[in-house]
Each structure stands twice: as C-alpha cells, then as structure tokens.
> 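Pasting a structure here, questions to come.
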Amino acid sequence: MPELPDVEGFRRVLAEHTGEPIASVSVLDPGVLRGVTARRLSTSLRGHRFEEPHRHGKWLLAPAQGPVVLLHFGMTGSLTWHPLDDPRHRHDRVIWALPDGELRFRDMRKLQGVHLAANSKEADETVENLGPDALDLSRDDLTATLGAHRGRLKTTLTDQTITAGLGNLLADEICWQAHLNPLRPARDLTAPEVTTLHRAMHRVLRDSLKAERVPPRKTWLTGARDAQTPTCPRCGTPLESRRLSGRRTVWCPTCQAN
DNA sequence: GCTTTTGTTTCGGG
DNA sequence: GCCCGAAACAAAAG
C-alpha cells in the first residue's frame with residue numbers, strides 16, 4: 001500500500017515514540033536488510049533514542065542520535081506499535097524494543113527494506129536522487145517539471161526522481177480528479193490544465209493524509225477501480241484499464257478523454 | 001500451473 | 001540521452 005500518505009502515517013507512529021532508549025533490535029528476517037548487517041544495525045542503535053522522524057516521498061528517515069534508520073516499505077511494508085507481549089506476526093521482519101512497547105517493521109514481500117546511514121549526511125545521500133516531495137511541489141514546479149518530460153503524464157507523476165511520493169493509486173486518482181487522461185504526453189498540458197492538476201494533487205493528498213491511505217471512497221476512482229465491472233463514479237461510464245509499464249492504469253474514457 | 005498486486009531497479013530496443 | 005516495456009526481486013490470493 002505504501003505511498004506518501006501511508007508513509008506519513010508510519011512517520012506519525014514513530015514520532016509518538018521518540019526519546020525512549022532502544023533496548024534491543026531484533027532482526028527476524030535479514031532478507032529486509034539493505035546494505036547493513038543485523039549486527040551493525042543492532043550495535044549502532046542499542047541504547048540510542050529515536051529523534052523526530054522525517055519523510056521524503058515514500059522514504060522514512062529516523063535519526064537516532066547519530067545513525068539514521070531509513071525505511072522503504074515497498075508494496076507491502078508497514079511500521080506499527082505493539083505491546084511488548086504482542087504475539088509476533090509471520091511477516092514481522094525487524095523489531096525495535098523500547099521500554100514500554102516495540103516498533104515493528106512488517107513486510108510480506110520484502111521488495112524494499114531497512115537501511116542504516118552512519119550520519120545524516122550519509123542518509124541524505126541515500127535519498128538525494130529523489131525529486132521534491134509531492135506536498136512541496138508548487139504549481140510552477142509542476143509546470144516546469146511536466147514541460148521537461150516527453151513521457152506520459154502518469155509515468156511522469158510517478159517518477160520518484162521527478163517528484164517523490166506519488167504511487168500508482170495516487171497518480172490515477174489525481175489524473176481522474178483533474179479530468180486529465182493519464183496517457184497524455186506530460187509536456188502537452190496547457191497552463192490551465194496544470195493548474196487543475198496541481199489543485200487535484202493537493203486535494204487528493206490532503207484527504208489521503210487524513211486517512212493515512214488513499215481512501216477508497218465511493219465518490220473517488222480509488223473506491224471504484226476494484227469493482228468487478230468498474231464504472232466512473234462521476235458519469236457511470238465503464239472505466240478503461242490497461243497496463244502501463246507494468247502498472248495497472250485506470251481512467252474514465254468520458255471524463256478523461258483528454 | 002497461471003495471473004494479479006498500491007514499488008524500484010536494471011536491461012534491451014527504438 | 002530519452003522513453004518504453006519486460007523482467008527481476010518476493011509472497012500470497014484467486
């Protein structure tokens with residue numbers, strides 16, 4: 001699930017548990033470790049306290065008095081808080097035990113995982129290829145960014161090096177709310193269309209942040225796309241669907257003719 | 001067996 | 001260099 005709003009939710013979980021010493025780090029499945037051994041993860045963090053966490057796009061950066069934990073949740077990851085005696089889930093991969101409970105990185109598919117940077121400079125290097133966070137993207141940024149790319153609108157929106165945080169569901173939802181066809185060349189959008197797109201992006205992000213997910217509302221594309229016979233919540237037209245670079249892309253051929 | 005899945009990276013082709 | 005699709009990573013559901 002994790003796109004920008006989901007990761008923001010995980011950031012809030014972590015933010016509620018800063019300041020307490022890390023009693024232990026348990027790596028239940030080293031298959032999620034990226035560029036760090038279980039031993040180094042543990043020795044670097046034990047006794048340290050998590051500080052205010054930061055999110056950039058789909059990355060969660062958790063400084064811990066020097067070292068920085070970087071989490072990427074792939075398609076199935078999560079970070080949740082549990083009482084110390086909570087039974088383990090089969091997909092719990094790494095557990096940070098604090099005095100009054102534990103933080104768990106749970107991830108079925110292990111497509112991404114847990115990184116450790118020695119300091120904030122090294123952490124920044126890990127995410128330096130990302131574009132600006134989608135929440136920080138001004139309309140002028142968006143105009144410049146779209147104008148510079150010949151590719152399709154949706155592909156451009158989901159390219160993390162262009163802007164960070166938008167995934168498959170968000171991109172489709174934003175295009176739908178903006179009445180724009182996701183297959184259009186990005187650079188062909190007119191100025192008013194970019195304005196509409198920018199407004200739709202912020203509206204979708206704001207509502208999704210509240211829900212800590214892209215809410216599957218009946219009035220949204222996201223709430224309609226998984227029906228057996230999906231129809232547009234606005235006009236009732238059967239939704240169009242195809243694969244775009246391996247991602248399922250859904251749009252309304254009537255509302256999003258252009 | 002097969003296909004599908006809300007992410008990212010790499011590779012080959014145009 | 002840009003853009004695209006396919007494959008790979010991995011696990012589960014239908």
Side-chain angles (χ1 to χ4, degrees), chain A residues 1-11 27-35 55-60 70-79 88-94 105-115 125-131 133-134 144-177 182-188 201 204-205 207-209 211-217 220-230 239 241-251:
Chain A
M1 310 175 192
E3 301 181 55
L4 187 156
D6 311 79
V7 179
E8 180 60 21
F10 304 145
R11 192 196 65 74
V27 176
L28 307 180
D29 184 346
V32 297
L33 299 183
R34 299 288 182 269
R55 182 193 57 73
H56 188 127
K58 302 171 190 174
W59 284 87
L60 183 56
L70 296 98
L71 301 177
H72 195 299
F73 300 90
M75 290 176 80
T76 53
S78 65
L79 186 72
R88 282 177 181 168
H89 186 277
R90 60 188 297 214
H91 298 139
D92 287 338
R93 309 300 188 186
V94 177
F105 180 80
R106 184 175 295 182
D107 190 3
M108 180 179 75
R109 286 172 68 181
K110 302 187 283 188
L111 290 174
Q112 300 295 324
V114 179
H115 302 237
E125 285 166 8
T126 306
V127 295
E128 73 181 355
N129 289 330
L130 295 178
D133 189 82
T145 247
L146 294 176
H149 293 275
R150 236 177 277 260
R152 303 182 200 272
L153 175 58
K154 177 183 180 178
T155 309
T156 305
L157 289 176
T158 53
D159 185 336
Q160 303 299 299
T161 68
I162 295 172
T163 181
L166 305 180
N168 199 43
L169 290 186
L170 279 174
D172 280 1
E173 186 66 48
I174 291 164
C175 289
W176 181 79
Q177 294 208 18
L183 305 181
R184 284 227 351 230
R187 59 148 55 162
D188 287 0
M201 180 183 302
V204 170
L205 285 174
D207 287 11
S208 299
L209 281 167
E212 299 185 347
R213 62 191 290 205
V214 189
R217 297 178 186 158
W220 280 26
L221 179 72
T222 303
R225 61 184 294 154
D226 292 329
Q228 298 84 342
T229 315
L239 292 170
S241 179
R242 66 163 275 197
R243 258 172 192 287
L244 196 59
S245 322
R247 330 294 311 148
R248 186 163 72 106
T249 299
V250 180
W251 73 97

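Note that this is a predicted model, so its numbers are computed, not measured. Chain A is the first sequence line, chain B the second, and so forth, proteins listed ahead of strands; every chain is numbered from 1.
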> Quick check: do His91(A) and Thr76(A) have side-chain heavy atoms less than 4.5 Å from each other?
no

> Could I get a table of every N or O pair under 3.5 Å where one atom is in the protein and the other is in nucleotides 11-14 of chain C?
residue: dA11(C); atom: OP1; partner: Lys110(A); partner atom: NZ; Å: 2.7
residue: dA12(C); atom: OP1; partner: Arg90(A); partner atom: NH1; Å: 3.4
residue: dA12(C); atom: OP1; partner: Arg90(A); partner atom: NH2; Å: 2.7
residue: dA12(C); atom: OP1; partner: His91(A); partner atom: NE2; Å: 3.0

> Counting only side-chain nitrogens and oxygens, does His149(A) get under 4.0 Å of the OP1 or OP2 atom of dC3(C)?
yes

> Assign Arg247(A) to base, sugar-phosphate, or nothing according to its heavy-atom contacts below 4.0 angstrom with the strands shown.
base

> Work out how far the C1' atom of dT3(B) is from that of dA6(C), and round it to whole angstrom.
16 Å

> Quick check on dG5(C): is either OP1 or OP2 less than 4.0 Å from any side-chain nitrogen or oxygen of Ser245(A)?
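Result: yes.
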
> Dot-bracket for DNA chain B, 5' to 3', counting Watson-Crick or G-U wobble pairs under 3.5 Å, with [ ] for crossing pairs and | for inter-strand pairs?
.||||.||||||||

> For Arg217(A), is the CZ atom crowded, meaning more than 12 foreign heavy atoms sit under 6.0 Å from it?
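Count over threshold, so yes.
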
> Does Val7(A) reach the side chain of Leu71(A), with side-chain heavy atoms less than 4.5 Å apart?
no

> Any Lys/Arg nitrogen of Asp226(A) or Arg248(A) sitting under 4.0 Å from an Asp/Glu carboxylate oxygen of the other?
yes

> State, yes or no, whether a side-chain contact exists between Ile162(A) and His149(A) at a heavy-atom distance under 4.5 Å.
yes

> Report yes if at least one side-chain N or O of Arg242(A) is closer than 4.0 Å to OP1 or OP2 of dG5(C); otherwise report no.
yes

> Using a 4.5 Å cut-off on heavy atoms from C-beta on, say whether the side chain of Leu239(A) contacts that of Trp251(A).
no

> Are the charged groups of Asp107(A) and Arg93(A) less than 4.0 angstrom apart, N to O?
no

> Just to be sure I understand the geometry, which residues of residues 155-166 of chain A put a non-hydrogen atom under 4.0 Å away from DNA chain C?
Thr155(A)

> Would you mind checking if Arg55(A) and Asp133(A) are paired as a salt bridge, meaning a charged N to carboxylate O distance below 4.0 Å?
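Looking at Arg55(A) together with Asp133(A), the answer is yes, because their closest N to O distance falls below 4.0 Å.
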
> Calculate the interatomic distance between Lys154(A) atom NZ and dG5(C) atom C1'; express it in whole Å.
14 Å

> What is the distance, rounded to the nearest whole Å, between atom CG of Leu183(A) and atom C1' of dC3(C)?
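Rounded to whole Å, this separation is 14 Å.
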
> Can a side chain N or O of Arg152(A) be found less than 4.0 Å away from OP1 or OP2 on dG5(C)?
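For dG5(C), OP1/OP2 do have a side-chain N/O of Arg152(A) under 4.0 Å.
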
> Which part of the nucleic acid does Arg106(A) contact within heavy-atom distance under 4.0 Å: base, sugar-phosphate only, or nothing?
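No contact.
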
> Heavy atoms, side chains only, cut-off 4.5 Å: are Asp6(A) and Phe73(A) in contact?
no

> I'd like to check Trp220(A) versus Glu173(A) (side-chain heavy atoms, cut-off strictly below 4.5 Å). Are they in contact?
yes

> Please give, in whole Å, the distance from dG7(B) C1' to His72(A) NE2?
6 Å

> Under 4.0 Å, counting only non-hydrogen atoms across every strand here, what does Gly167(A) touch: a base, just sugar-phosphate, or nothing?
sugar-phosphate

> Roughly how far, to the nearest 0.5 Å, is the CG atom of Leu4(A) from the CZ atom of Arg11(A)?
11.0 Å

> Specify the separation, in whole Å, of atom CZ of Phe10(A) and atom P of dG7(B).
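Answer to the nearest Å: 12 Å.
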
